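Reading through the structure tokens given below for one structure.
On a predicted model such as this, the values are computed, not experimentally measured, just so you know. So that the names make sense, note that chain A is the first sequence line, chain B the second, and so on, each numbered from 1.
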There are 2 protein chains.
Amino acid sequence: MITNKQIKRNNFLTQGVHLLMTQGYHATGVNEIAKAVQVPKGSFYSYFNSKEDFAAETITHYIEPFIQLLKKHIEQSPHDTLAALKNYYEELIITVGKNGYKGGCLLGNMMGEVGDTSELCNQALKSAVERYRLLQYHALIKAQKQGTVRQDRSAEMMANLLVNSWQGALLRMKIEKSVQPLQEFYDTLLGDYFISA
Amino acid sequence: MITNKQIKRNNFLTQGVHLLMTQGYHATGVNEIAKAVQVPKGSFYSYFNSKEDFAAETITHYIEPFIQLLKKHIEQSPHDTLAALKNYYEELIITVGKNGYKGGCLLGNMMGEVGDTSELCNQALKSAVERYRLLQYHALIKAQKQGTVRQDRSAEMMANLLVNSWQGALLRMKIEKSVQPLQEFYDTLLGDYFISA
DNA sequence: TCTTAATAGTTGACCAGTCATCTTTAATTG
DNA sequence: CAATTAAAGATGACTGGTCAACTATTAAGA
């Protein structure tokens, strides 16, 4: 039963990612979430203390696959970490595009909607972004040592630019209904600015 | 009477900017908006057709002062448009910081929350972002001709990077409760990457 | 039998939006 | 000019519906 409960809990989080990403926090009801997991609405609070709690956990649940995917790419190209980063983002752009330019990134959406109003979500967002950012930071340092990424700019600064302008590009994608902003992000940074002279 | 109504309408939009920016679309009620303007709730619909309509108009109302401010800076430094851009963003960072890292940018927040679900807001966002982006694009072209901004990169690409990473930096500011991401944005792009060799 | 977990129904509050009623202004008439 | 009427505008109570959260009840397991 412990396992069964954890499976359902996981199911809650997976459905939560989808609902919160496409509709946002305030536009998604607890009832709707429970219905999506085919669990009675009354049971929601036996899995989570509150909707806010649930959202914070969903944020943490969301970022994990992205971290694992990027790690996989880095491990698969141990001698060309820049290529790993490029492959990762290429894959990401295709995946995001398949969703019909809807949703974007749960982290970005939640940062905008509740990042400064919900303390629980703020903490979850802060740690998720930092974990994700650090991974890219270390990848950039590796690539610098490999000579593919320029060494006259700090990996710190480049990692921040990478994370921030990706978020901005996703917002642009949403309103322009095109992956073009994402493609341009890729070309500008990973295809040009970061490249070793 | 025409004037009086238009004044109140303007008041609605100004209060709307504040409420929608700090709380978001779905977390802000029509009742709350009407209360803020000290107008009976029932009267809201004599000023606007719907909440969605109101939000779309608020978006347009929001961006205008920013465009005017940037234009002012550009006109005040006709021979150094890069300096105008830098001054503008310096001023912006101070202003945003004074709000206690809350809110951020209405455009960014609304793009994330309703940019892909409300057609009315989508249109308003699209045109607001484009107007704002174009202004910076033309400023960058001017600065390129003045020799202060590098000419081996397109102003188009730089304008997009400017707009996108500013949005991302604002999201980071929200969750880190610090203007540091904004400052780094400034140093990275306007203080380094865009500068003529 | 006793304990623990699941859940259906309910809670008061609030949502966007409507509408009948009331107030104010304008026009018309004596 | 005053009185009456008609039109226009303002407004608060109300609509059906949904919200997050609680709780009394039922079911299950030991």
Side-chain angles (χ1 to χ4, degrees), chain A residues 1-13 15-59 109-110 113-115 117-122 124, chain B residues 1-13 15-59 109-110 113-115 117-122 124:
Chain A
M1 280 305 149
I2 299 165
T3 315
N4 194 353
K5 180 133 190 174
Q6 280 181 332
I7 287 170
K8 248 180 197 161
R9 203 185 144 85
N10 216 62
N11 212 260
F12 258 110
L13 295 173
Q15 293 291 334
V17 165
H18 178 249
L19 288 169
L20 291 181
M21 189 159 68
T22 52
Q23 304 183 323
Y25 179 80
H26 288 102
T28 305
V30 170
N31 204 349
E32 191 177 5
I33 297 162
K35 204 167 276 179
V37 219
Q38 287 172 302
V39 161
K41 59 177 169 175
S43 303
F44 177 86
Y45 292 92
S46 73
Y47 291 90
F48 305 96
N49 291 330
S50 68
K51 187 190 174 185
E52 196 185 349
D53 239 21
F54 168 73
E57 279 207 55
T58 300
I59 288 163
N109 295 355
M110 293 292 276
E113 190 179 354
V114 292
T117 51
S118 157
E119 193 51 44
L120 280 170
C121 290
N122 179 279
Chain B
M1 283 303 150
I2 299 165
T3 315
N4 194 354
K5 180 132 191 174
Q6 279 181 334
I7 287 170
K8 252 187 193 155
R9 203 185 144 85
N10 217 64
N11 211 259
F12 259 109
L13 296 173
Q15 293 291 334
V17 165
H18 178 250
L19 287 169
L20 291 181
M21 189 160 67
T22 52
Q23 303 184 323
Y25 179 80
H26 288 102
T28 305
V30 170
N31 204 351
E32 190 179 3
I33 297 162
K35 205 165 275 176
V37 209
Q38 289 171 300
V39 161
K41 173 214 170 86
S43 302
F44 176 87
Y45 292 91
S46 74
Y47 292 90
F48 305 94
N49 291 329
S50 67
K51 186 189 173 186
E52 196 185 347
D53 239 20
F54 168 73
E57 279 207 55
T58 300
I59 287 163
N109 296 354
M110 294 292 275
E113 191 178 354
V114 293
T117 51
S118 157
E119 193 51 43
L120 280 170
C121 290
N122 179 279

Subject >> Short side-chain to backbone donor-acceptor contact, A:Glu113 and A:Gly24, under 3.5 Å >> reply: no

Original post:
Taking A:Lys8 for the side chain and A:Tyr47 for the main chain, is one N or O donor matched with an acceptor at less than 3.5 Å?
Top reply: no

Original post:
Is it the case that B:Lys51 places NZ or CZ above or below the six-membered ring of B:Tyr25, under 6.0 angstrom from the centre and within 45 degrees of the axis?
Top reply: yes

**OP:** Answer whether the closest heavy-atom distance between the side chains of B:Val37 and B:Phe44 falls below 4.5 Å.
**Re:** no

Original post:
To the nearest 0.5 Å, what is the distance between CG (A:Asn109) and CE (A:Met21)?
Top reply: 8.0 Å

Just the rounded figure in Å: distance from [atom2] of [N] to [atom1] of [X].
X       : N      : atom1 : atom2 : value
B:Lys51 : C:dG17 : NZ    : P     : 8 Å
B:Lys8  : D:dG9  : NZ    : C1'   : 12 Å
B:Arg9  : D:dA10 : CZ    : P     : 13 Å

**OP:** Could you check which residues of residues 17-50 of chain A get a heavy atom under 4.0 Å from DNA chain D? Sort them by number, please.
**Re:** A:Thr28, A:Gly29, A:Val30, A:Tyr45, A:Ser50

